Amino acid sequence: MIDLKTHLESRVAATLGSLSDEERGALLLMPPKNRDHGDVALGCFQLAKLRKAAPPQIANDLAAAFEPDEVIESATAAGPFVNFKYRRSALAEAVVGGILHEAAPFGPADATGTSIVIDFSSPNIAKPFHMGHLRSTVIGAALGRIHRHLGSTVHGVNHLGDWGMPFAKMMTAYMKWGEQSELDANPMRYMFSLYVRYGQEAKNDPSLDEEAARHFKALESGEDNEERRMWQFLRDESLKAFQGPYDRLQVSFDHITGESFYEDKMAPVLKRYEDAGVLVESEGAEVVELKEFGIKVPCILRKTDGTTLYHTRDLAAVAYREAEFAPHRLLYVVGAEQKLHFQQLIAVLKKIDDPVAPKVEHVPFGLILAKSEETGKWEKFASRGGNAIFLDEVLDEAVANVRGIIAEKNPDLENADEVAEKIGVGAIVFNDLKNGRVKDVKFDWDSMLNFDGETGPYVQYAGARLSSILRKADAPDSAASLLEGIDWKLLEDAAPVLLTLHEFGPTVQRAAEQSEPSAVTNLMIRIASEIHSYLRDHHVLRADDETRRARLALVAASRKLLATGLGLIGVQAVDEM
Ligand code: ARG
């Protein structure tokens, strides 16, 4: 099977004559600014620099010397670029064959030896799982799948907030007012009500916070005491409660190592900073000053009462992950409101010249907004009516809405409940991953469930339409049978679909490099729309025999890549809807 890019690269290299390694590295292929100009563009800037010539000159010489072959139809210079055009039949063969055979980049790549740690979801347990955690969960899980697809070893970590003062407050509330039976009945809601009550009572009663601090100290003493047992109990209950949404979102973790995991790993870290002479006393606490990094707020690593903090545990976690996973990148998918926290974390690492510092990347994201019923303005979701949002209930609402739409549009659909679950949950995930991640997400049922909009259901529908054609044609399942004896010229008129499918590889690459799953989501929308236009103008089932077989292969490949792409972002394809 031909790989278009490899073929093009070697042809360019051959045309240019002998290339140094440096020059070879300077051959940068990119999508052309305008598709009418060609299928790929080669920017000649870097090569021109190495050869001490003007970029347009290099581009002209290369285009003039380039001879078309059975894969590449033409090479045209345009300023500092050379635009290449693939022969449509070669494009069809490479794309359709590549997808059906699951060859990389359409299928998963071989292991590259790259190790990526992704810290995501990481809710504070004993507090409700809120919409911000939904974003972290969905973005982090998508990045994990994307990196795995590219052959990396991914360590997905749930850095649960199961230690420190927030947890101590919950523990205090439960110790004072808790009832096991109420907890059993609805753990999430009950813990939330305790959390709210604590907040209210603590306003008038400062002794509550003192009590919580005492409990935390007792917990951190490492002794087997009531606090320890209570911690274990509340942690177990919370984890059980989170499992529901995680399962529905098809999210899993390689490691559930929360803040408590670092209980015995903080002392060596503190010692390192002490030995380096950068841990200084400030009003009884131990801090690292970060002024030279332009950060005014020092990073506190130990409080006056000797207890540790969120930062202390994050430092211990960095050291642990570095030693355990030898990562190339350490990603932290955490809301933009923790920007300072991660700036400080990185600066603290830099302060002692820790070589891990440049690998740490905060992957921030925007808020989820909902339209206020009173003001009509978009507001932070969680503030709606001052109530907490329970993720499970949001997922239920989505599924119920979809169930209603199906009842209307396709009342005879078998396993409608199962399909509604995939579409409803998928719509929320898709909506979350549609725009650049630092943008706020507007949470609006009508727009995210619109079957004709840029939505999950729209893309799932394109897949279902293709499945239906394959079913009606009784198309074979195996790649070999689908591809047997195809005349690729018969797919020359499918160039817009093929070119869009062909973008899959670079798009997934970009999504991984920039931690931007939206690149994949948007490609899926474009593929769906190209498929709809293709099917509007081309018959598959009613075409003559040879054309029908070629088109069926295209349909099967498109269906398959839609499922792969949706799968990467965490949305399931459906065969019927
Ligand atoms: N538990 C924190 C929160 O809910 C997020 C933790 C993110 N991960 C980390 N290593 N700091 O705000």
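Just so you know, ligand 1 is whichever comes first in the structure, and atom 1 is the first atom listed for that ligand. Everything quoted here is computed from the prediction, not taken from an experiment.
For the residue pair Asp209 and Tyr198, a side-chain donor N or O sits within less than 3.5 Å of a side-chain acceptor on the partner. A side-chain donor from one of Ser260 and Asp162 sits under 3.5 Å from a side-chain acceptor of the other.
Partners of Lys359 by salt bridge (charged side-chain N to carboxylate O under 4.0 Å, His left out), not counting sequence neighbours, listed by chain and number: Glu322. Scanning for side chain to side chain donor-acceptor pair (under 3.5 Å) contacts around Glu516 gives Ser518, with sequence neighbours left out.
Note on ring orientation: taking the six-membered ring where Trp is involved, the planes of Phe504 and Phe106 are parallel (angle under 30°, cut-offs 30° and 60°).
Sorted by chain then number, the residues whose non-hydrogen atoms approach ligand 1 to under 4.0 Å are Asp119, Ser122, Asn124, His133, His159, Tyr310, Asp314, Tyr332, Val334, Gln338, Phe342.
Evaluation of the side chain to side chain donor-acceptor pair (under 3.5 Å) test over residues 415-428, restricted to residues two or more places apart or in two chains, returns Arg248-Glu421, Arg403-Asp417.
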